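Not measured: the values here are computed from a predicted model. Heavy-atom basis, side chains included; hydrogens, waters and symmetry copies ignored. Order of the sequence lines fixes the chain letters, A, B, ..., with proteins taken first and strands second; residue numbering starts at 1 for each chain.
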There are 2 protein chains.
Amino acid sequence: MKTKKKTTIKDIASVLNISAAAVSKALHDDARISEKTKKAVKQVAKNLNYQPNHLASALRSGKSKLVGVIVPRTNSNFFSSVIENIEEVLNKKGYNIIITQSNESFKKECDNIDTLLYTQVDGIIASMANETIDLEHYEKVKSKGIPLILFDRGENDLNVDYIGIDDYNSSQIIVKHLVDEGCKRIAHIGGFKHTRIFNNRIRGYVDALKKYNLPLDDELLLESSLTKEDGRKKMQQLLNLKNRPDAVYVAGDYAALGALQVLNENNINMPNEIALVGFGNEPFTEMVTPSITSVHQHSADIGKLAAETFLRYTKEKTINQSLKKQILKAELIIRTSSNKKILKTNV
Amino acid sequence: MKTKKKTTIKDIASVLNISAAAVSKALHDDARISEKTKKAVKQVAKNLNYQPNHLASALRSGKSKLVGVIVPRTNSNFFSSVIENIEEVLNKKGYNIIITQSNESFKKECDNIDTLLYTQVDGIIASMANETIDLEHYEKVKSKGIPLILFDRGENDLNVDYIGIDDYNSSQIIVKHLVDEGCKRIAHIGGFKHTRIFNNRIRGYVDALKKYNLPLDDELLLESSLTKEDGRKKMQQLLNLKNRPDAVYVAGDYAALGALQVLNENNINMPNEIALVGFGNEPFTEMVTPSITSVHQHSADIGKLAAETFLRYTKEKTINQSLKKQILKAELIIRTSSNKKILKTNV
DNA sequence: TATATTTGCTTTAACGTTTAAGCAAATATA
DNA sequence: TATATTTGCTTAAACGTTAAAGCAAATATA
C-alpha cells in the first residue's frame with residue numbers, strides 16, 4: 001500500500017531526462033547548470049517529496065554534518081543552555097548535534113569519544129569530566145584531524161580552542177563583594193585543584209585575600225567534588241572550627257546548596273553571621289531561602305561562540321589547532337545570602 | 001606526517017590476502033567464516049587500529065543505528081533522566097541517540113522531525129510539546145515506516161506505543177492525601193486540557209472530589225501553561241477569591257514553585273492555611289521552604305521501557321504499530337507543604 | 001565409490017550521492 | 001571566417017560497506 005521507496009536524485013533525473021549528476025548539481029546551485037534546469041529540478045524534487053539521503057552524501061563527501069557534544073550532565077541549567085545555543089547556531093548551517101553525557105566519569109568520557117568517532121562526527125565540542133586528568137582520548141580526536149572545541153572545563157595542554165569565563169577575576173569580584181559587606185574571615189570551598197577552572201578560582205581567591213590584607217588560613221581553603229553532599233560535609237567542617245569564618249565562597253551552586261542546608265539546620269543567620277556565595281547561577285539559587293548570591297556565566301554566549309568557533313574550521317582544508325582562548329566576563333548576581341545592607345536604594 | 005588515511009576493510013583484506021567481503025563477515029561473526037580467519041582478521045583490525053565506517057554500513061544496510069529523541073527541554077530532571085536511561089539501553093545495542101529540544105514549540109517540533117528524518121534515524125522517541133495539537137508531522141514519521149515511541153506527553157490518536165504514568169490515578173491519590181490531611185476546598189491548577197496527560201489529571205481530580213463529596217467549584221479549577229510565572233498568576237487568582245481554597249494541587253512542579261512563592265510573599269502558612277502539592281518531583285521541590293509534596297514519575301524506568309520498546313521493532317521486517325500503552329505507577333512523595341500532622345511515627 | 005551437503009571463501013553489484021574529467025554546442029574574440 | 005572560451009550538460013568512478021550468488025574443496029551420506 002504505502003509508497004515505501006524513497007525518491008532519489010535518479011528518480012528526479014529520469015523524470016526530466018537528464019543525468020543524476022546534473023540533478024545533484026542543480027540542487028546545490030552549481031554555476032554550470034542553467035537557471036531553467038535548476039528551477040525544473042527543484043520543482044520536481046518538491047513534487048516527488050524528495051529528501052536527500054544524508055548518509056550517501058556524507059559517505060561520498062567524507063563529511064557527516066554531525067557534531068558531537070560532550071557534557072558532564074545535561075540537567076544543569078548551564079549545560080542545557082549552552083547546548084541549546086550550540087544547536088541553534090549549528091542547525092542554521094545544516095549541522096546536527098549528538099549530545100552525550102559523561103556523568104563526570106573518565107571512563108564514560110572515553111566511551112563517548114569512541115562513540116562519536118565511530119559515528120564520524122565532523123567535530124567535537126566538549127566540557128571535561130571532573131575525573132579527567134589523562135588527555136589521551138582527546139589527543140586521539142586531534143590526531144584524526146577533527147576540530148575539538150572545549151568550553152567551561154578545558155585544559156591548556158591540549159592546545160585547542162577554549163571558551164570560558166574569567167574564573168580568576170570572578171573570584172576577585174566575589175571576595176571584593178564580601179569585603180564590601182564587611183566580612184573578615186572568608187572561606188573557600190573550591191573544586192579539584194587539578195581542574196583548571198577550579199584552580200583559577202582558588203588562585204583568584206588567594207590573591208584577593210592578599211590584596212585586602214585578610215588572613216590566608218589553611219583551615220579556610222577546602223577542596224571538594226562540589227556535589228550537594230560534599231558541600232554539606234565541608235560546611236560542617238567549617239562550622240566545627242574554633243575560629244569560624246564569617247563568609248563562605250563555594251565554587252559550585254550544588255555544593256553551595258548543601259552548605260546552605262547545613263547553615264539553616266544550625267540556625268545560623270545568613271548573611272549576618274555567615275555570608276554565602278555560590279557559582280553558576282543555577283535557577284534554584286533564587287528559589288531557596290535565603291536566595292544565594294551566585295555568578296552568572298553567560299551560557300548562551302558560550303554556546304554560540306563554541307559553535308561559531310567550530311564552524312570556522314569547516315571552511316579550512318587542514319585542521320591546525322592551537323590554544324586560542326575566548327574569555328567572557330562573568331557577572332555577580334547579589335542575593336540575600338550575602339547582602340547585609342538593610343537600607344538600600346534601588347540604583 | 002600524520003597517517004590521515006583511515007584503515008578500511010580492504011586494507012585488512014590485502015594484509016591477509018582474502019576478500020573484503022570475507023573481512024566484513026569475519027568482523028560480524030558470520031557462521032560461514034572459519035574461526036582461524038576470524039581471529040586473524042580481528043587481530044589485524046586491532047593492529048591497524050581499524051574503525052568501521054559507520055556511514056558506509058548505514059548506507060548499504062539502510063540502517064543508521066541512530067535514534068532521534070525529542071523532548072520539550074533537557075533541563076528538567078525528569079527529561080534528562082529519561083534521556084540518560086534511553087541512552088544507556090540503546091548504547092549497549094550499538095545505537096546512538098540524537099537529542100533535540102522543541103522548547104514547547106510546535107514549529108520547532110516539526111523542524112526537529114524533519115531534521116531527524118533527514119539524518120535517517122532508525123526510530124524516534126518523543127514527548128510532545130505543549131503547543132502540539134496537529135499531528136501531521138508524526139503521521140509522516142509513521143508513514144515512512146520508522147518506529148515512533150511516545151512517552152509522558154502522548155496522544156492515543158497516533159496509534160503508536162506509549163510509556164507513561166497513570167495520571168488519572170495519581171490525581172486520585174493526591175486528593176485522597178489532601179482529604180486525609182483534613183482539606184475541604186481543594187483547588188487544581190492544571191495543564192492544558194488538550195494535552196492528554198493533563199486532561200487525565202483533571203479528570204482524576206474531578207472524580208476524586210465527587211468520591212469524597214467535596215464541592216466541585218469552577219473557580220477552583222484553572223487551566224495553565226504550568227510555567228513558574230503562570231503558577232504565580234493562577235495562585236494569585238485563587239487568593240483573590242472570596243472563598244479561598246485550603247489546598248492547591250498544581251499539575252507541574254515549576255508552576256507549584258511559582259505558587260509557593262506567592263504564598264510565601266503573602267505570609268500564608270503552608271500547609272495549615274493552604275496545603276500545596278506539585279507534580280514531577282523535580283529536585284528543587286525538596287530544596288525550597290517549605291519543601292513541596294510532589295509525584296515521582298519513575299523517569300529511569302520510563303526511559304528504559306521506551307528504549308526497549310524501540311529495540312523490539314528493530315527485529316521486525318515491517319513496522320506495524322498500534323496503540324500499546326505501558327503505564328507505570330507513580331509515587332507520592334509527601335513533604336512539608338502538605339504534611340499537617342505534627343506528631344508522626346516513622347512507620 | 002559416487003553423490004549430496006557443508007564449509008569457507010570469492011566475485012559482483014549495490015546503497016545514493018558527489019566529483020573529476022570530458023565533450024558538444026553556443027558564444028565570444030580576433 | 002577560424003579559433004578560443006564558456007556554457008551546460010554527460011559519463012564514469014568513487015566513498016566503504018554489505019548482501020546475494022556462486023563455486024571449489026572438504027566432508028558427510030548412501
Side-chain angles (χ1 to χ4, degrees), chain A residues 4-42 44-45 48-66 94 117-122 144-145 317, chain B residues 4-42 44-45 48-66 94 117-122 144-145 317:
Chain A
K4 269 290 174 57
K5 269 266 139 286
K6 287 179 187 156
T7 25
T8 71
I9 52 172
K10 283 184 187 170
D11 300 325
I12 300 174
S14 74
V15 167
L16 294 169
N17 250 313
I18 56 176
S19 71
V23 172
S24 171
K25 285 176 182 167
L27 290 172
H28 288 88
D29 277 324
D30 189 294
R32 299 284 286 272
I33 300 291
S34 69
E35 281 308 318
K36 196 180 130 206
T37 307
K38 282 182 191 170
K39 233 178 194 161
V41 165
K42 285 172 186 174
V44 174
L48 298 183
N49 190 26
Y50 168 72
Q51 295 257 98
N53 185 321
H54 168 257
L55 296 171
S57 75
L59 174 61
R60 178 60 234 246
S61 65
K63 298 284 154 205
S64 68
K65 287 281 186 175
L66 248 35
L117 292 179
Y118 171 82
T119 319
Q120 318 274 128
V121 294
D122 291 345
K144 295 222 175 206
K317 275 206 199 74
Chain B
K4 270 289 173 55
K5 269 267 140 283
K6 285 177 186 159
T7 21
T8 71
I9 52 173
K10 282 184 189 172
D11 299 325
I12 301 175
S14 73
V15 166
L16 294 170
N17 251 317
I18 56 176
S19 72
V23 173
S24 172
K25 285 176 181 165
L27 290 171
H28 287 87
D29 278 322
D30 189 293
R32 297 286 286 274
I33 300 291
S34 70
E35 281 308 319
K36 194 179 130 207
T37 307
K38 281 183 192 170
K39 231 176 195 165
V41 165
K42 284 172 186 173
V44 174
L48 298 183
N49 191 26
Y50 168 72
Q51 294 260 98
N53 185 322
H54 169 257
L55 296 170
S57 79
L59 175 60
R60 179 61 235 249
S61 66
K63 299 284 155 206
S64 68
K65 288 283 188 173
L66 248 34
L117 292 178
Y118 171 83
T119 318
Q120 317 274 128
V121 293
D122 291 346
K144 295 222 174 205
K317 275 203 199 76

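Put simply, NZ on A:K36 is 17 Å from P on D:dT7, counting in whole angstrom units. B:L16 places its CG atom 16 Å from the P atom of C:dG8, with the value rounded to the nearest Å. Taking atom CG of B:D30 as the reference point, atom C1' of D:dA20 lies 12 Å away to the nearest angstrom. We find that CD of A:E35 is positioned 15 Å from C1' of D:dC9, with the value rounded to whole Å. What separates CZ of B:R32 from P of D:dC23 is a distance of 14 Å, to the nearest Å. D:dT7 atom C1' lies 10 Å from atom CD1 of A:I33, rounded to whole Å.
In this structure, the separation between OG1 on A:T8 and CG on A:N53 is 9.5 Å, given to the nearest 0.5 Å. Note that OG1 of A:T7 and OH of A:Y50 are 8.0 Å apart. Values are rounded to the nearest 0.5 Å. Atom CG of residue B:L55 and atom CD of residue B:Q120 lie 11.0 Å apart, to the nearest 0.5 angstrom.
The strand DNA chain C forms stems, runs of 3 or more Watson-Crick or G-U wobble pairs with distances below 3.5 Å, at C:1-30 with D:1-30.
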Reading 5' to 3' through nucleotides 12-19 of chain C, protein heavy-atom contacts under 4.0 Å coded B for base, S for sugar-phosphate only, - for none = -BBBBBBB
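At the phosphate of D:dT7, neither OP1 nor OP2 sits under 4.0 Å from any side-chain N or O atom of A:S34.
Comparing C:dC23, D:dT10, C:dT10 by their nearest atom to the side chain of B:I18 picks out C:dT10.
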For the pair B:I33 and B:V41, evaluate side chain to side chain contact (heavy atoms under 4.5 Å, CB included) and give the outcome as yes or no after the intermediate values.
-> CA-CA 11 Å; B:I33 300 291; B:V41 165; over 6 Å; no
Derivation and outcome, side chain to side chain contact (heavy atoms under 4.5 Å, CB included), residues B:L16 and B:T37 | CA-CA 9 Å; B:L16 294 170; B:T37 307; 5.8 Å; no
Using the side chain to side chain contact (heavy atoms under 4.5 Å, CB included) rule, take B:L27 and B:V23 through it: C-alpha gap first, then chi angles, then the decisive distance, then the call.
-> CA-CA 6 Å; B:L27 290 171; B:V23 173; 4.0 Å; yes
Applying side chain to side chain contact (heavy atoms under 4.5 Å, CB included), run through A:D29 and A:K38 and close with a yes or a no.
-> CA-CA 7 Å; A:D29 277 324; A:K38 282 182 191 170; 3.5 Å; yes
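For the pair A:T119 (side chain) and A:V121 (backbone), a donor-acceptor distance under 3.5 Å is absent. In terms of modelled atom types and a separation under 3.5 Å, the side chain of A:K6 and the main chain of B:K144 share no donor-acceptor contact.
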